[in-house]
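Some notes on the structure that comes next.
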2 protein chains.
Amino acid sequence: MKSVVPVTTTEIKTACSQCNLRELCLPFGLDPREVDQLDELVGARRKIKRQQHLYRSGDGFEAIYAIRAGSFKTDVILEDGRDQVTGFQMTGEVLGLDGISTEHHSCNAIALEDSEVCVIPFSRLEELSRQVESLQHQFHKIMSREIVRDHGVMMLLGSMRAEERLAAFLLNMSQRFTARGFSPSEFHLRMTRDEIGSYLGLKLETVSRAFSRFQEEGLVAVQQKHIRILDTPGLKRLLNHHAA
Amino acid sequence: MKSVVPVTTTEIKTACSQCNLRELCLPFGLDPREVDQLDELVGARRKIKRQQHLYRSGDGFEAIYAIRAGSFKTDVILEDGRDQVTGFQMTGEVLGLDGISTEHHSCNAIALEDSEVCVIPFSRLEELSRQVESLQHQFHKIMSREIVRDHGVMMLLGSMRAEERLAAFLLNMSQRFTARGFSPSEFHLRMTRDEIGSYLGLKLETVSRAFSRFQEEGLVAVQQKHIRILDTPGLKRLLNHHAA
DNA sequence: GGAGCCCTTTGATCCACATCAATACTATTC
DNA sequence: GAATAGTATTGATGTGGATCAAAGGGCTCC
């Protein structure tokens, strides 16, 4: 749509108040005036190219990041080189919360595709959330949600077999795509089999075999990174009826 | 000890300002006047007998809990009965953060021994932390620390072998006992082999065998739940030099 | 302080996933 | 549009920890 309105319009268009992710993100539950206050705080945006780091383990912590476009993975690396993907993040989700505790980041955040984040200086966020109760509460909910999510991953890693883990992963992805207005049953994974494996505590070959098995059983149609879920109840059954 | 002093004295003795756990807990970093404000907020204390629940998954969320005495485990239970211990908590640590996100708890908290917690009504904590910057910041650090800890557990569950997991667990316990003024090398575990196994994603037999192996190799002296660490560097070596 | 029960240890066997290996597919890059 | 590197699939074999089993030890609770 061509427009003769001044440049400021473009800026407003990328502000929280105009962002279509605001129900998933930090502005959730804020009234319009409060969202405007948040807008002032969210200054810079930062573009991150595929495979580049948003931050690295050990980096000083000054800001958290809301994903505006694209997606990321976070991972932890041990001295001996072993690494573990701790999460995949999509638009509207917040990155960097790990840095609050020590003033330094404790994991790496890497873009899975060309992405863009909103930089939210943390001390200013704390300042504003002392004034805006709804912002404070939403921020606490976001942190708590991360803790609950992590517990789910622990359950997955500690008690589930390979196919259950992959089923849980696919259902989780489906649910998150749905929340963003995409198809629940058809989507494109941005991460490799190796990265999925690292997240699920499996080797990439095991992930690949599980995908093949799901395909044989008519649960999903897999074409590389393109996934079509054919039998959601079937996947859910895999999770609940533990056939051990 | 019989006493003729008024009841209030006893109450003050158990207040944050008088609590020897205050450097580990919520009052950390607060000046004396601010700690007094926190004292007013922390009203009730609650005694929990061994094996009893502090809260259950599904319970409504109204408060977080600081452990004054004793210890707890938290676990998540799946519909099919499988469960996973997500953490062990000691004095000065905070329980219940999982409840913020949905207003309902998403895990169970169970006392490993007769214990006592300080009940911190959450809405009042949010209110006070809007006024007291240092309290706000300390609370955020505590939540962030939980997230970082969870990432460590994911690394453990996803990438380590049985003996590495147990070594990491023992070193972590040692460090936490040390922070509480106890011996770094000699302590009493409050949880069973089964609970350790659940936390580490292992069966109790595997935990038992790993303990026996550590004993044979002179790394620790194990007598049921009483542990004496004989070779801390040896345990650390087990972690870093991944002999796969 | 004794009975009963839960917890722990240890051994034998099994199996799910890792590892090793080769091939095929896809996407980039020039 | 051919060359190349990264990614994915599939097969054969190995192994760490699970499972099954049995006995011993130490708490807890009357």
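Quick note on labels: first sequence line is chain A, next is B, and so on, each numbered from 1. Below, each value reflects all heavy atoms present in this structure, side chains not excepted, and no hydrogens, waters or symmetry copies.
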Specify the separation, in whole Å, of atom NE2 of B:His226 and atom C1' of D:dG26. 15 Å
Reckon A:Gln224 touches a base, only the sugar-phosphate, or nothing at all at heavy-atom distances under 4.0 Å? sugar-phosphate
State whether the distance check finds a donor on one side and an acceptor on the other, under 3.5 Å, for side chain A:Arg50 versus base C:dT28. no
Of the candidate nucleotides C:dA12, D:dT9, C:dT8, which contains the atom at the shortest distance from the side chain of B:Arg209? C:dA12
May I ask you to decide if the ring planes of A:Tyr55 and A:Tyr65 are parallel, tilted or perpendicular, using 30° and 60° as cut-offs? parallel
Classify the nucleic acid contact of A:Leu202 as base, sugar-phosphate or nothing, counting any heavy atom under 4.0 Å across all strands shown. sugar-phosphate
Are A:Glu116 and A:Lys47 within salt-bridge range, i.e. N to O under 4.0 Å? yes
For atom CG of A:Leu157 and atom P of D:dG17, their distance in whole Å: 15 Å
How is A:Thr192 classified with respect to the nucleic acid when contacts are heavy atoms under 4.0 Å: base, sugar-phosphate, or nothing? sugar-phosphate
Taking any heavy-atom pair under 4.0 Å as a contact, classify B:Gly197: base, sugar-phosphate, or nothing. nothing
Using 0.5 Å steps for rounding, measure from the CD1 atom of B:Ile196 to the OG atom of B:Ser208. 10.0 Å
In terms of heavy-atom contacts, A:Glu163 and A:Ala210 come closest through CG-CB, 4.2 Å
Among the nucleotides C:dA18, C:dT10, D:dT9, which one has an atom lying closest to any side-chain atom of A:Val222? D:dT9
Is there a donor and acceptor pair closer than 3.5 Å between the side chain of A:Glu205 and the base of C:dC20? yes
Closest to the B:Thr206 side chain: C:dT9, D:dG17, D:dG11? D:dG17
Nearest to side-chain heavy atoms of A:Lys203, which nucleotide of C:dT8, D:dT10, C:dT19: C:dT19
If the plane angle is over 60° it's perpendicular, under 30° parallel, otherwise tilted; pick one for A:Phe177 and A:Phe187. parallel
Options C:dA16, D:dT7, C:dT9, nucleotide nearest the side-chain atoms of A:Arg161: C:dA16
For the side chain of A:Ser208, counting heavy atoms from C-beta on, which of D:dT10, C:dT19, C:dT9 is nearest? D:dT10
